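Everything on this sheet refers to the single structure shown next.
Atoms considered below: every heavy atom in the structure, side chains included; atoms not considered: hydrogens, waters and symmetry mates. Values in this document were obtained by computation on a predicted structure and should not be read as measured data. Note that ligands are numbered from 1 as they come in the structure, with each ligand's atoms numbered from 1 the same way.
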Amino acid sequence: MKIPVIFSTVTGNAVKLAFAAAGALDEPVGPYNVGYVLGDERHNVKFVTDFVTDKYDAFVIVYWCDLGTADRDTLELISRMRGKSLIVLGTLGVTVDSKHAADVKARVEAAVNKENKLLCHYLCQGAVDISRTVNKLKTPENESGTLSEEGFARHLRSQGHPDAAEIEAAARAVREALSKL
Ligand SMILES: Cc1cc2nc3c(=O)[nH]c(=O)nc-3n(C[C@H](O)[C@H](O)[C@H](O)COP(=O)(O)O)c2cc1C
């Protein structure tokens with residue numbers, strides 16, 4: 001079964017999961033950048049989005065966490081889909097056993113389950129871009145966006161993720177989800 005893999009990323013972590021997912025599929029289509037699928041003035045928007053969303057029944061979607069949920073482009077893509085089977089993978093800055101991660105998972109799943117069927121949701125930690133850490137460190141303490149000592153330690157701990165074990169676990173999750181199709 002042909003299954004497109006569509007990823008959204010700012011710093012590249014999602015790309016690692018997207019290629020792992022593609023490697024776990026018999027007939028992957030892509031990986032596609034979500035920007036291409038959603039389209040913009042440089043592409044033929046309607047053709048690309050309709051072609052991808054109408055032609056296939058199942059998708060792998062890889063997101064990055066922004067503002068405590070999936071990034072805006074991924075949410076936009078999901079909102080344009082109806083009755084699809086979705087294998088969802090994502091990365092976020094904190095550890096997956098945190099309350100924040102559980103909240104992110106719940107929000108993403110609510111968005112998917114509105115009009116589509118969630119086959120699996122694999123979430124793991126992804127390195128926080130070091131320039132984001134540096135910028136936050138430069139922010140005066142009394143302003144929003146500053147980084148506490150604990151936050152700084154958290155950013156450091158995120159480096160190196162997703163690691164080899166997480167990338168393999170993502171591929172395994174995809175393989176297991178395929179048996180539900
Ligand atoms: C602008 C921005 C906002 C972010 N917001 C969150 C957030 O709300 N919660 C979180 O856990 N991580 C957050 N992160 C961390 C990213 O989700 C994490 O580093 C992710 O692995 C990035 O994936 P990517 O490399 O595919 O872009 C944020 C990162 C950036 C750059």
Val10 neighbourhood, listing ligand 1 atoms whose heavy-atom distance to it stays under 4.0 Å: 24 (P), 27 (O)
Where ligand 1 meets Thr11 - atom numbers and elements under 4.0 angstrom, heavy-atom basis: 22 (C), 24 (P), 25 (O), 27 (O)
Region of Val104 engaging ligand 1 - heavy atom pairs below 4.0 Å: neither
Numbered atoms of ligand 1 (with element) below 4.0 Å of Val128, judged on heavy atoms: 19 (O)
Residue Gly68 vicinity, atoms of ligand 1 by number, heavy atom under 4.0 Å: 7 (C), 8 (O)
Pairwise side-chain contact, Lys84 with Lys117, heavy-atom cut-off 4.5 Å (strictly under): no
Backbone or side-chain N or O of Gly12 under 3.5 Å from ligand 1 N or O: yes
For atom 15 (C) of ligand 1, the protein heavy atom that lies nearest, with its residue and separation: Gly93 N, 3.7 Å
Spacing of CG belonging to Leu86 relative to SG belonging to Cys120, to within rounding of 0.5 Å: 10.0 Å
Arg132, His100, Gln159: member with heavy atom nearest to atom 9 (N) of ligand 1: His100
CG-OG1 distance between Leu92 and Thr69, expressed to the nearest 0.5 angstrom: 11.0 Å
Top protein contact for atom 19 (O) of ligand 1, by heavy-atom distance: Ala127 O, 2.9 Å
From CG (Leu178) to CG (Leu119), nearest 0.5 Å: 8.5 Å
Min N/O separation Trp64 to ligand 1 under 3.5 Å: no
Plane angle bin for Tyr32 and Tyr36 - parallel if under 30°, tilted between 30 and 60°, otherwise perpendicular: tilted
Glu143 atom CD: more than 12 heavy-atom contacts under 6.0 Å: yes
Ser8 versus Asp71, side-chain donor and acceptor atoms under 3.5 Å: yes
Flag side-chain contact, heavy atom, 4.5 Å: Arg72 against Glu76: no
Closest protein heavy atom to atom 26 (O) of ligand 1, given as residue, atom name and distance to 0.1 Å: Thr9 OG1, 2.6 Å
Protein heavy-atom partner closest to atom 20 (C) of ligand 1 - residue, atom, separation in Å: Thr91 OG1, 3.3 Å
Heavy-atom proximity to atom 14 (N) of ligand 1, best of Gly90, Cys65, Ser158, Ala18: Cys65
Ligand 1 contact by Asp129, heavy-atom criterion under 4.0 angstrom: no
More than 12 heavy atoms from other groups under 6.0 Å of CG on Asp26: no
